Amino acid sequence: MTSPAARRLSISTAEPGHAARLLVWYDQNARVLPWRARPGTAADPYRVWLSEIMLQQTTVKTVGPYFAKFLARWPDVAALAAAPREEVLQMWAGLGYYSRARNLHACALAVVRDHGGAFPDDEAGLRQLPGIGPYTAAAIAAIAFGRHCMPVDGNIERVVTRLFAVEQPLPQAKPQVQEQALMLAGEGRAGDSAQAMMDLGATLCTPKKPSCVLCPLQPDCAACRRGDPETFPRKAPKKTGELRRGAAFIVRRGDQLLLRSRADKGLLGGMTEVPGSEWLPGQSDAAARRQAPVLPGLSRWRRRPGVVSHVFTHFPLELVVYVADAPAGTKPPDGMRWVAIDALEGEALPNVMRKVVRHGLGD
DNA sequence: TAGTCGTGGTT
DNA sequence: TAACCAAGACT
């Protein structure tokens with residue numbers, strides 16, 4: 001709280017509120033991250049945007065190498081817009097949530113085509129672009145353009161619901177949290193305030209065992225006073241999905257594999273895969289195997305021992321893997337293609353398919 | 001509004 | 001280990 005000396009001074013110097021104390025803490029404790037501008041220098045909207053898209057539901061550690069890779073290959077939004085979409089998907093492979101990659105490219109094209117290559121400099125304008133929702137629009141507006149707004153992500157939801165001991169569960173409490181979060185934006189330093197809140201949530205106000213003794217907001221934190229900060233935010237428990245089963249089919253033609261591209265939308269949209277059965281709860285191995293591709297002259301299917309297990313956000317998956325050989329010269333079925341095993345790095349293979357190939361090739 | 005959409009890490 | 005979480009968007 002305010003010291004007696006400071007209180008006397010507060011006649012002319014307003015008592016530091018939440019926002020001010022947050023910024024004092026940030027100036028001494030800000031994380032150094034590749035996409036952040038050096039203190040005192042302006043942020044590059046392209047880098048801010050690229051990082052914000054990559055960071056959606058993705059950890060800082062995971063994003064690091066992808067951010068560097070993208071920036072080296074496409075140093076500005078015009079370069080990214082000029083790239084083939086397939087190349088963007090391939091570079092994104094492994095990062096997950098692939099609609100982000102499709103929207104990233106669509107957004108770059110829109111910025112070049114509709115905005116002369118410059119990002120809109122306010123929340124409303126940004127919000128119109130593909131892949132930019134309420135959070136990302138506010139984050140870019142604050143960090144890149146200094147607009148007075150506060151993006152609300154998982155970190156900030158946690159900090160705010162603890163600070164005010166919000167009893168209403170999420171997501172119902174979102175409007176209230178948004179309003180309270182904005183009160184923490186410092187005058188003239190909205191971008192730093194936003195990043196300070198994220199750093200606070202990531203390093204001190206953590207989901208479990210928060211370090212309240214080090215927190216600059218601790219004197220005012222209702223949840224900390226109650227003694228149960230970990231119980232915030234309130235949230236309804238979510239149900240786990242049912243296990244789905246299926247089969248994946250690896251067809252070898254010499255040193256090549258048979259691949260195809262998934263439908264543009266939906267799960268793993270636009271990504272590369274080996275032919276496979278549907279993924280259904282309770283599907284028998286026999287039913288899955290009947291969905292094998294048909295090629296002339298194909299050898300017998302050999303089932304690889306074991307299964308490939310993978311967990312998506314809303315369901316776990318188990319795939320049985322079969323392998324067969326096709327004679328030299330065999331033409332690929334409609335919509336499929338032969339790809340050299342050595343060239344798989346150049347494909348937009350999601351991790352589940354990397355697991356399948358590794359398993360099928362006996363690694 | 002609630003379900004869909006990846007993957008890796010932590011507890 | 002099963003559950004939860006990570007700078008959410010879209011339908």
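By convention in this document, chain letters (A, B, ...) are assigned in the order of the sequence lines, proteins followed by strands, and residues within each chain are numbered from 1. Computed from a predicted model, the values in this text were never measured in an experiment.
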Task: Covered region of DNA chain C, 5' end to 3' end, by chain A [heavy atoms, under 4.0 Å] - done: C/dA3 to C/dC10
- [ ] Run through the side-chain heavy atoms of Ile, Leu, Val, Met, Phe, Trp and Tyr, join any pair under 4.5 Å, and report what else lands in A/V24's cluster.
- [x] none
TODO: Ignoring hydrogens and angles, state whether a donor on the side chain of A/Q168 or A/R234 is under 3.5 Å from an acceptor on the partner side chain.
DONE: no
Open item on the list: Rounded to whole Å, how long is the line connecting atom CG of A/L317 with atom C1' of B/dT7?
Closed with: 14 Å
TODO: Taking the six-membered ring of A/Y98 (Phe, Tyr or Trp), confirm whether the NZ or CZ of A/R102 is under 6.0 Å from its centre and within 45° of its axis.
DONE: no
Polar pairs (N or O, both sides) under 3.5 Å between protein and nucleotides 9-11 of chain B?
none

Open item on the list: Can a side-chain donor-acceptor contact be found between A/E318 and A/Q283 if the only test is distance below 3.5 angstrom?
Closed with: no
Open item on the list: I need the full list of salt bridge (charged side-chain N to carboxylate O under 4.0 Å, His left out) pairs touching residues 24-35 of chain A, with sequence neighbours left out, sorted by first then second residue.
Closed with: A/D27-A/R189, A/R31-A/D199
Under 3.5 Å donor-acceptor pairs involving side-chain atoms of residues 124-145 of chain A, not counting sequence neighbours:
residue	atom	partner	partner atom	Å
A/R127	NH1	A/I132	O	3.2
A/Y135	OH	A/E52	OE1	2.8
A/T136	OG1	A/Q56	NE2	3.0

- [ ] Answer with base, sugar-phosphate or nothing: what part of the nucleic acid does A/G266 contact at a heavy-atom distance below 4.0 Å?
- [x] sugar-phosphate
Open item on the list: Rounding to an integer number of Å, can you tell me how far A/Y98 OH sits from B/dT7 C1'?
Closed with: 7 Å
Task: Basic-acidic side-chain contact under 4.0 Å: A/R303, A/D285 - done: yes
TODO: Identify, between A/N103 and A/Q195, the residue whose nearest nucleotide on DNA chain C lies closer to the 5' end.
DONE: A/Q195
TODO: Kindly say whether the aromatic ring centers of A/W92 and A/Y66 come within a distance under 6.0 Å.
DONE: no
Open item on the list: If the cut-off is 4.0 Å, is A/H314 near the phosphate of B/dG3, judged by side-chain N/O to OP1 or OP2?
Closed with: no
Open item on the list: Among residues 45-56 of chain A, which ones have heavy-atom contacts with DNA chain C below 4.0 Å?
Closed with: A/E52, A/L55, A/Q56
Task: Whole angstrom value for the distance that separates P of B/dG8 from CZ of A/F312 - done: 11 Å
Open item on the list: Need one value for A/G94: base, sugar-phosphate or nothing, where a base atom within 4.0 Å counts as base even if backbone is also close, heavy atoms only.
Closed with: sugar-phosphate
- [ ] Tell me who clusters with A/V32, hydrophobic residues only, linked when side chains sit under 4.5 Å apart either directly or through other members.
- [x] none
- [ ] Ignoring backbone atoms, test whether A/Y97 places a side-chain nitrogen or oxygen under 4.0 Å from the OP1 or OP2 oxygen of B/dT4.
- [x] no
Open item on the list: Could you tell me if A/N103 and A/R100 have a donor-acceptor pair between their side chains, going purely by distance under 3.5 Å?
Closed with: no
TODO: Report the distance from atom CG of A/D264 to atom P of B/dC5, rounded to the nearest whole Å.
DONE: 14 Å
Open item on the list: On DNA chain C, does the nearest nucleotide to A/P130 precede the nearest nucleotide to A/T240 from the 5' side, or the other way round? Give the residue.
Closed with: A/T240
Task: Note: A/R225-A/D220 ion pair, threshold 4.0 Å (strictly below) - done: no
Task: Euclidean distance, atom CZ of residue A/R100 to atom P of B/dG6 [Å, nearest integer] - done: 9 Å
- [ ] Return no unless some side-chain N or O of A/H310 is found under 4.0 Å from OP1 or OP2 of B/dG6.
- [x] no
Open item on the list: Quick check on contacts: within residues 145-177 of chain A, what sits under 4.0 Å from DNA chain C by heavy-atom distance?
Closed with: A/D153, A/G154, A/N155, A/R158
Open item on the list: Under the salt bridge (charged side-chain N to carboxylate O under 4.0 Å, His left out) definition, can you give me all pairs with a residue in residues 58-73 of chain A, not counting sequence neighbours?
Closed with: A/R73-A/E87
TODO: Check the pair A/R302 / A/D325 against salt bridge (charged side-chain N to carboxylate O under 4.0 Å, His left out), numbers first and verdict last.
DONE: CA-CA 10 Å; A/R302 306 181 293 280; A/D325 295 287; 2.9 Å; yes
TODO: Salt-bridge test for A/E278 and A/R244: reply yes if a basic N is under 4.0 Å from a carboxylate O, no otherwise.
DONE: no
- [ ] Could you measure between the two C1' atoms, the one in B/dT11 and the one in C/dA7, and give it in whole Å?
- [x] 22 Å
Open item on the list: Does A/R290 qualify as a cation-pi partner of A/W301, given the criterion of NZ or CZ under 6.0 Å from the six-membered ring centre and within 45 degrees of its axis?
Closed with: no
TODO: Inspect the contact between A/E273 and A/R260 and indicate whether a charged nitrogen and a carboxylate oxygen are less than 4.0 angstrom apart.
DONE: yes
TODO: Classify the ring geometry between A/Y46 and A/W49 as parallel (under 30°), tilted (30 to 60°) or perpendicular (over 60°).
DONE: tilted
Open item on the list: Could you check whether atom CD of A/Q172 has more than 12 heavy atoms from other residues, nucleotides or ligands sitting under 6.0 Å from it?
Closed with: yes
Open item on the list: Using a 4.0 Å cut-off on heavy atoms, which residues in residues 120-128 of chain A reach DNA chain B? List them by number, or say none.
Closed with: none
Open item on the list: Between A/H310 and A/F312 (judged by ring centroids, cut-off 6.0 Å), do the two rings come close enough to count as a pair?
Closed with: yes
Open item on the list: Taking B/dG6 as the reference, what is the distance to C/dC4 when you measure between their C1' atoms (whole Å, please)?
Closed with: 16 Å
Sequence neighbours excluded and cut-off under 3.5 Å, please list the side-chain donor-acceptor pairs for residues 328-337 of chain A, or say none.
residue	atom	partner	partner atom	Å
A/T330	OG1	A/P327	O	2.5
A/R337	NH1	A/S261	OG	3.3
A/R337	NH2	A/E347	OE1	2.8

- [ ] For A/V63, report the nucleic acid contact type (base, sugar-phosphate, nothing); a contact means any heavy atom under 4.0 Å.
- [x] nothing
TODO: Would you mind classifying the nucleic acid contact of A/P134 as base, sugar-phosphate or nothing, using non-hydrogen atoms under 4.0 angstrom?
DONE: sugar-phosphate
Task: Nucleic acid contacts of residues 26-36 of chain A, taken as heavy-atom distances under 4.0 Å to DNA chain C - done: A/R31, A/L33, A/W35, A/R36
Open item on the list: In this structure, how many angstroms lie between the C1' atom of B/dA2 and the NZ atom of A/K239, rounded?
Closed with: 8 Å
